[in-house]
Amino acid sequence: MKNEYENYQESSRNYDKTRVPVGVEILLECFASTPRLLQEQTILDAGCGTGIYIEALKGKVGRLYGLELNEGMLERARKKFKNEPTIWLHLGSILELPYERDTLDAMMCNQVLHHLGTEKSAQENFPQVRRLLVEAYRVLRPQGVLVISTSSHPQLHDGFWWADLIPAAVNRMSARFPTLKHLASMLEEAGFSFVGNIVPLDSVLQGEHYLDPEGPLNKSYRDGDSTWSLATKEELEQAFERLRKMNQDGIISNYLESRERLRHKIGQTTFVFARKQRETGLLHTCG
Ligand SMILES: C[S@@+](CC[C@H](N)C(=O)[O-])C[C@H]1O[C@@H](n2cnc3c(N)ncnc32)[C@H](O)[C@@H]1O
């Protein structure tokens with residue numbers, strides 16, 4: 001099955017080489033704030049991909065469900081967890097959750113929102129994101145939590161060093177991401193209490209390969225982030241040429257350092273934390 005712009009059937013082959021589960025401790029802290037003990041909880045990973053978050057949470061919570069639209073990604077997850085009685089994986093869309101009302105303690109949705117919809121989604125007020133939030137509200141137990149990891153628009157531009165090489169693609173990608181403010185208001189509209197935004201400043205989605213100065217020249221590196229799939233052939237060629245030149249001229253280290261200074265200030269991702277009840281407390285917030 002081909003996603004609208006990223007071919008996950010193909011990139012599922014390289015996905016695990018280029019991604020690490022950032023923010024697992026943040027997720028656990030949010031899940032622990034629900035009434036039941038972690039070991040008794042049933043938690044859904046909505047858009048679980050190859051299951052990198054399920055792997056990281058395995059044994060730390062009661063039961064994990066994974067729902068994924070792409071067969072290639074799900075197949076990778078199935079291979080990892082075939083003998084795990086507490087992990088249940090399903091093929092399907094997170095826009096129609098195949099679970100009963102009030103049955104899940106928590107739900108996480110990591111790096112999926114921008115795949116719901118198109119570049120016109122903002123003009124249409126993100127109908128698919130709103131649909132997901134209504135579904136999440138339905139299946140969560142009262143006081144259950146929803147944690148969405150996504151990126152703010154500043155993070156998309158300056159949280160990833162290579163984003164500066166493909167600015168037009170990053171602009172196209174940004175149009176698919178609701179702003180954090182908009183997301184908070186959509187959560188409230190769906191009935192959730194927005195609790196706060198949490199930003200892990202010290203980790204990167206791509207793990208140890210992130211700062212490879214020639215990384216973007218390789219398809220396997222680019223497969224780790226769908227922004228690359230929004231670059232035109234010409235934009236890609238320009239980016240490669242600029243990168244090769246910086247490597248040849250010996251200025252790539254300075255360039256990476258200056259890009260990293262920005263990332264250290266704003267991070268790459270934001271965990272948006274909401275609860276199925278009204279409340280007032282706010283955690284650390286980010287613009
Ligand atoms: C960037 S990957 C993130 C995967 C995983 N959550 C992670 O953090 O590694 C986005 C995933 O969302 C999945 N996806 C996109 N739209 C979906 C939908 N409507 N229902 C279920 N999964 C979806 C894609 O197939 C892909 O596996």
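Predicted, not measured: the structure shown is a model, and the values here were computed from it. Both counts, for ligands and for their atoms, begin at 1 and track the order of listing.
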TODO: Compare every heavy atom of Leu183 with every heavy atom of Thr150, then report the nearest pair and how far apart it is.
DONE: CG2-CD2, 4.1 Å

TODO: Looking only at non-hydrogen atoms, find the nearest pair between Arg36 and Asp105 and report the distance.
DONE: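 Distance-wise, the nearest heavy atoms are NE-OD1, 2.8 Å.
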
TODO: Check each heavy atom of Cys48 against ligand 1 and say whether those closer than 4.0 Å belong to the side chain, the backbone, both or neither.
DONE: backbone

Open item on the list: Does only the side chain of Thr50 get under 4.0 Å from ligand 1, or the backbone, or both, or neither? Count heavy atoms.
Closed with: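 None of Thr50 does.
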
Check this for me - ligand 1, [X], N or O atoms closer than 3.5 angstrom, yes or no?
X	value
Ile94	yes
Tyr15	yes
Ser93	yes
Ile52	no

Can you tell me how far apart [atom1] ([X]) and [atom2] ([Y]) are? Round to the nearest 0.5 Å.
X	Y	atom1	atom2	result
Glu257	Trp161	CD	CH2	13.5 Å
Phe273	Ile26	CZ	CD1	11.0 Å
Trp228	Met173	CH2	CE	12.0 Å
Glu55	Asp45	CD	CG	12.0 Å

Task: cation_pi(Lys58, Phe81) dist<6.0 Å, angle<=45 - done: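 Judged by the rule (NZ or CZ under 6.0 Å from the ring centre, within 45° of its axis), Lys58 is not positioned above Phe81.
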
Where ligand 1 meets [X] - atom numbers and elements under 4.0 angstrom, heavy-atom basis:
X	value
Gly47	4 (C), 5 (C), 6 (N), 22 (N)
His115	1 (C), 10 (C), 15 (C)
Tyr53	8 (O)
Met73	27 (O)
Asn110	3 (C), 5 (C), 6 (N), 8 (O)
Leu116	16 (N), 19 (N)

TODO: Give the intermediate values and the outcome of salt bridge (Lys or Arg N to Asp or Glu O under 4.0 Å) for residues Glu241 and Lys245.
DONE: CA-CA 6 Å; Glu241 199 182 310; Lys245 187 152 178 10; over 6 Å; no

Task: Option set Glu68, Arg76, Arg131, criterion heavy-atom distance to atom 13 (C) of ligand 1, minimum - done: Glu68

Open item on the list: Regarding atom 10 (C) of ligand 1: of the candidates Gln111, His90, His114, which has the closest heavy atom?
Closed with: Gln111

- [ ] Tell me, with the steps shown, if Val20 and Ser203 meet side chain to side chain contact (heavy atoms under 4.5 Å, CB included).
- [x] CA-CA 9 Å; Val20 293; Ser203 28; over 6 Å; no

Task: ligand 1 contact by Gly92, heavy-atom criterion under 4.0 angstrom - done: yes

TODO: Any chance you could lay out the side chain to side chain contact (heavy atoms under 4.5 Å, CB included) test for Tyr53 and Val22, step after step, and finish with the verdict?
DONE: CA-CA 9 Å; Tyr53 279 89; Val22 163; 4.1 Å; yes

